[in-house]
Amino acid sequence: MDKTQVMVYFCLYGDEFPIDYVTEKLEIEPTKTYKKGEVIVRPHNPNVISTKTFYRKETAWELSTGYQESYDVKEQMDQILGPLKNKAAIINQVKAKYKLECKIFIVIIMENGDSPGLYLDNEQIEFASSVKAEIDIDLYANPYENEYDD
């Protein structure tokens with residue numbers, strides 16, 4: 001049986017900027033980076049035939065939990081915001097220097113109607129506000145298994 005999963009990630013993004021500089025200033029290794037103009041590599045899907053190539057429209061530095069089995073989004077938020085919470089001033093300096101934006105993504109994949117708690121505490125809200133981060137929440141509900149089907 002598949003379990004509900006949650007992923008949270010923080011993203012600094014903009015036109016073009018030195019990713020290594022951001023990593024050095026924050027003293028945190030990103031879990032993912034990409035540069036404007038790079039080809040977007042999509043997972044192979046034998047049911048989709050596409051010859052179109054897509055390119056990154058921006059440069060980004062990301063810190064992510066990856067997908068984790070969870071019924072409480074706060075756990076993943078704490079994992080991401082914990083290392084960042086004392087770095088708001090640095091984040092704002094980098095944002096101003098390179099004209100960057102930042103966003104916190106919450107991605108939830110619900111299985112069998114099992115939805116996690118989605119609660120943001122004051123500390124998380126204050127951090128997001130201090131760096132002017134938008135919060136983007138994506139919910140994916142996979143089909144329910146009906147135990148009464150014959």
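As the structure is a prediction and not an experimental result, all values here were calculated from the model.
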Which other residues end up in the same hydrophobic cluster as Tyr55, if Ile, Leu, Val, Met, Phe, Trp and Tyr are linked when side-chain heavy atoms come under 4.5 Å apart?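 Grouped by the 4.5 Å side-chain rule, Val39 form the rest of the cluster around Tyr55.
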Under the side chain to side chain donor-acceptor pair (under 3.5 Å) rule, collect the residues that match up with Ser130, sequence neighbours excluded. none
Can you list everything that forms a side chain to side chain donor-acceptor pair (under 3.5 Å) with Gln5? Sequence neighbours excluded, please. none
Heavy-atom pair of closest approach, residues [X] and [Y]:
{"X": "Ile125", "Y": "Leu120", "value": "CD1-O, 3.6 Å"}
{"X": "Leu84", "Y": "Phe127", "value": "O-CE1, 3.3 Å"}
{"X": "Cys11", "Y": "Phe105", "value": "CB-CE1, 3.9 Å"}

Can you tell me how far the [atom1] atom of [X] sits from the [atom2] atom of [Y], to the nearest 0.5 Å?
{"X": "Cys102", "Y": "Asn92", "atom1": "SG", "atom2": "CG", "result": "7.5 Å"}
{"X": "Lys85", "Y": "Lys87", "atom1": "NZ", "atom2": "NZ", "result": "12.0 Å"}
{"X": "Lys36", "Y": "Asp15", "atom1": "NZ", "atom2": "CG", "result": "3.5 Å"}
{"X": "Ile109", "Y": "Asn142", "atom1": "CD1", "atom2": "CG", "result": "7.0 Å"}
{"X": "Thr59", "Y": "Leu12", "atom1": "OG1", "atom2": "CG", "result": "11.5 Å"}
{"X": "Gln79", "Y": "Leu81", "atom1": "CD", "atom2": "CG", "result": "10.5 Å"}

Are Glu58 and Glu101 side-chain neighbours, meaning at least one heavy-atom pair lies under 4.5 Å?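 They are not in side-chain contact.
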Ile104 vs Ile80 side-chain heavy atoms within contact, under 4.5 Å: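 No, their side chains stay 4.5 Å or more apart.
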Strictly distance-based, threshold 3.5 Å: is any side-chain N or O of [X] a donor or acceptor partner for the main-chain N or O of [Y]?
{"X": "Lys99", "Y": "Gly14", "answer": "no"}
{"X": "Thr65", "Y": "Val8", "answer": "yes"}
{"X": "Thr33", "Y": "Ala60", "answer": "no"}

Test item: side-chain donor near acceptor, Glu75 and Gln68, under 3.5 Å: no
What I want to find out is whether Asp114 reaches Lys3 closely enough, with some N-O distance under 4.0 Å, to be called a salt bridge. no
Test side chain to side chain contact (heavy atoms under 4.5 Å, CB included) applied to Ile106 and Gln76, step by step: CA-CA 9 Å; Ile106 300 169; Gln76 284 71 36; over 6 Å; no
According to ring-ring contact (aromatic ring centres under 6.0 Å, His included), who are the partners of Phe17, at least two apart in sequence or on a separate chain? none
Any residue meeting ring-ring contact (aromatic ring centres under 6.0 Å, His included) with Tyr98, in chain and number order, not counting sequence neighbours: Tyr21
Please say which of Leu118, Ile137, Asp78 ends up in a side-chain contact (heavy atoms from CB on, under 4.5 Å) with Val73. Leu118
Under 3.5 Å, which donor-acceptor pairs link side chains of residues 24-31 to any protein atom two or more places apart or in another chain?
residue : atom : partner : partner atom : Å
Thr31   : OG1  : Glu62   : O            : 3.3
Thr31   : OG1  : Ser64   : N            : 2.8

